[in-house]
Number of protein chains: 2
Amino acid sequence: MDTLVQFVNPLYAVGMETTSDLSREALAPRGQAAKRLSILDAATAVFCRDGVAAASIDAIAEAACVSRQTVYNHVGDKEKLFVAVVKEVTARSTARLFETLGTFPETPVDVEHELTEFAVRLAGNCMCDPDGAALRKLIENEGQRYPELFATWKQYGPGKSWPAISARFAKLASAGDLDIPDANLAARQFMALVNADLPNTYYMGQPPTDAELLEAATNAVSTFIRAYRRQSAAG
Amino acid sequence: MDTLVQFVNPLYAVGMETTSDLSREALAPRGQAAKRLSILDAATAVFCRDGVAAASIDAIAEAACVSRQTVYNHVGDKEKLFVAVVKEVTARSTARLFETLGTFPETPVDVEHELTEFAVRLAGNCMCDPDGAALRKLIENEGQRYPELFATWKQYGPGKSWPAISARFAKLASAGDLDIPDANLAARQFMALVNADLPNTYYMGQPPTDAELLEAATNAVSTFIRAYRRQSAAG
DNA sequence: AAAATGTTAGACACCACTGTCAAAATTAAC
DNA sequence: GTTAATTTTGACAGTGGTGTCTAACATTTT
């Protein structure tokens, strides 16, 4: 239940709950939601940097500018902290992805141009976003050790994202712009092509520049459209 | 120096040195190269499973069926062990990639068919290979903590692999089969497309089945060729 | 069989971390 | 200004890891 709420409603996990009466968690007693967020952010960073097992609560507390005891008071032990982090970051990443998906050019005038601009937003806001990168890393590294959490993440992360992405490409096809027999496949390939040309430095600290983003998007969309353009006459 | 030898000559690091006099390392005194390999393999597995910082030498020793002291005798402390593992796995992966690249269809009769078969080999032997997967994971997680090692890896891993891959696509283009203005870009996109459609379970233990491999290769090559096919008349 | 070499088992000091506790200090509420 | 809630501080036992050492054991080599 608790789990579901956090995954389904991003606003909740982002700490934007109305501080009213809806979310009477045992955790955040009254006001200091900021401190809780600070702890989760710090934990995300340290978990990513050191790995969950090697991450020390002291390091997290220090990064959050908080005493160790406060960490235990807010979230509990390390495993609960990790679960809270994954839920938080999943909610944020998913929200950001859906926000970006809202700008997908479903009935474009200039397919290539508008799809390229969308790819820039996708790469900048989602793929290279610190939350997204952190989440990928955490899931990839620790997923096997927390099967339940992993399953829940799959359900509310990829399980919701991919159909949404595919649906956009299906609409784009039915708008007559491209010839896409399999929207799921096209969606996977589109994402892969955008990723293919991003400088591989972005999971090592530095995010790509705007120019790099644009180049990656341009190359990806160019190839994507050449592969999926509608044939004038016979196919 | 030592570093260079191990990276440049895969056979050395794989433990196939002639056991003669060429490689008078302080490490492998005379015969028991098998034990050393066993230690490196076990360390690879445990490092991947637990992360380097959280991996215990005892766990590695147990996995290698060896006493802890023997680990220290052969390789030294944990950092040296990690460096040895990365070199070993890099050498193995690179060797396997180049072996597979040797089967690239440079002057094919049926481009699509032969490129698909190559993609199957590439995915099966390189992308989903345990060594390759382990290496990606280790580099991604620990690269930042070992800048020198990371730099050396980049030099002898991607720095050697990508030009070799690109060169194949350039030859394929000049053979008249495809229209590839930028072989580097095409190579990146080809790899990305093959990866895009592999079941994402392969870094979680189970390798993909032959059928899954073939489907991924088919989809990837189909899209790749549609994007890069030579236009009959004007382009 | 003897000698040299490699391997194991156990013990060791040392260190870093966990999770808990109680008392002091700070901050917010009324 | 007093009361209540939160946070900090420092201490604590317990755990598990490192890297070293030594003496016993096993395996080759000669």
Side-chain angles (χ1 to χ4, degrees), chain A residues 15 19-21 23-43 45-85 142 145-146, chain B residues 15 17 19-21 23-43 45-85 141-142 145-146:
Chain A
T19 199
S20 69
D21 36 63
S23 57
R24 195 71 56 76
E25 288 283 311
L27 315 167
R30 244 202 313 259
Q32 273 68 355
K35 202 152 270 187
R36 184 169 198 269
L37 256 213
S38 166
I39 291 171
L40 290 185
D41 280 349
V46 177
F47 281 161
C48 281
R49 195 190 59 195
D50 299 343
V52 173
S56 88
I57 303 286
D58 294 272
I60 293 169
E62 191 181 10
C65 299
V66 138
S67 80
R68 180 186 35 218
Q69 188 63 46
T70 301
V71 176
Y72 283 105
N73 288 343
H74 273 265
V75 199
D77 64 13
K78 204 199 261 188
E79 182 161 335
K80 285 184 192 134
L81 185 52
F82 175 61
V83 172
V85 160
E142 323 283 350
R145 252 185 298 276
Y146 302 87
Chain B
E17 71 271 21
T19 199
S20 70
D21 37 62
S23 57
R24 194 73 55 76
E25 287 283 309
L27 315 166
R30 241 202 313 258
Q32 272 69 354
K35 202 152 272 191
R36 182 169 200 268
L37 255 213
S38 165
I39 291 171
L40 289 185
D41 280 348
V46 176
F47 281 160
C48 282
R49 196 190 59 195
D50 299 342
V52 172
S56 88
I57 302 285
D58 294 273
I60 293 169
E62 191 181 10
C65 300
V66 139
S67 80
R68 179 186 35 215
Q69 188 61 48
T70 302
V71 176
Y72 283 105
N73 286 344
H74 273 263
V75 198
D77 65 14
K78 205 200 262 189
E79 182 161 333
K80 286 186 190 129
L81 184 52
F82 176 60
V83 172
V85 161
N141 288 329
E142 324 284 351
R145 252 184 298 277
Y146 302 86

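FYI, side chains are in, hydrogens and waters are out, and symmetry mates aren't considered; it's all heavy atoms of this structure.
Counting heavy atoms from C-beta outward, B/Arg49 and B/Val46 have side chains that approach closer than 4.5 Å. Proximity of B/Asn141 to B/Phe47: side-chain heavy atoms (C-beta onward) are nowhere separated by under 4.5 Å. In this structure the side chain of B/Asp50 reaches within 4.5 angstrom of the side chain of A/Arg145, judged on heavy atoms. By the 4.5 Å heavy-atom criterion applied to side chains, A/Val85 and A/Asp41 are not counted as neighbours.
For A/Asp77, the listed nucleotide lying nearest its side chain is C/dG19; candidates were C/dG19, C/dT7, D/dT20. Picking from D/dT20, D/dT7, C/dT20 the nucleotide with the shortest atom distance to the side chain of A/Tyr72 gives C/dT20. Closest approach to the A/Gln69 side chain among D/dT7, D/dT20, D/dT9 is made by D/dT9 (side chain taken as heavy atoms from C-beta onward). Distance from the side chain of B/Lys78 is smallest for D/dG19 among the nucleotides D/dT9, C/dT8, D/dG19.
Contacts between residues 47-62 of chain B and DNA chain C, defined by a heavy-atom separation below 4.0 Å, involve no residue at all.
Take B/Glu62 and apply the side-chain contact (heavy atoms from CB on, under 4.5 Å) test, not counting sequence neighbours, and it matches no residue.
The side chain of B/Thr70 places no N or O atom within less than 4.0 Å of a non-bridging phosphate oxygen (OP1 or OP2) of C/dG6. The side chain of B/His74 contributes an N or O atom lying less than 4.0 Å from OP1 or OP2 of C/dT7.
Looking at every heavy atom in both residues, B/Lys35 comes nearest to B/Thr70 through CD-CG2, 4.3 Å. Summarising the geometry of A/Lys78 relative to A/Ile57, their closest heavy-atom pair is CG-CD1, 3.9 Å, with the distance given to 0.1 Å.
Aromatic ring pairs are classed by plane angle as parallel below 30°, tilted from 30° to 60° and perpendicular above 60°; the pair A/Tyr146 and A/Phe82 is tilted.
In this structure, CG of A/Asn73 is placed 13 Å from C1' of D/dT9, rounded to the nearest angstrom.
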N/O-N/O pairs, protein side and nucleotides 12-15 of chain C side, under 3.5 Å:
none

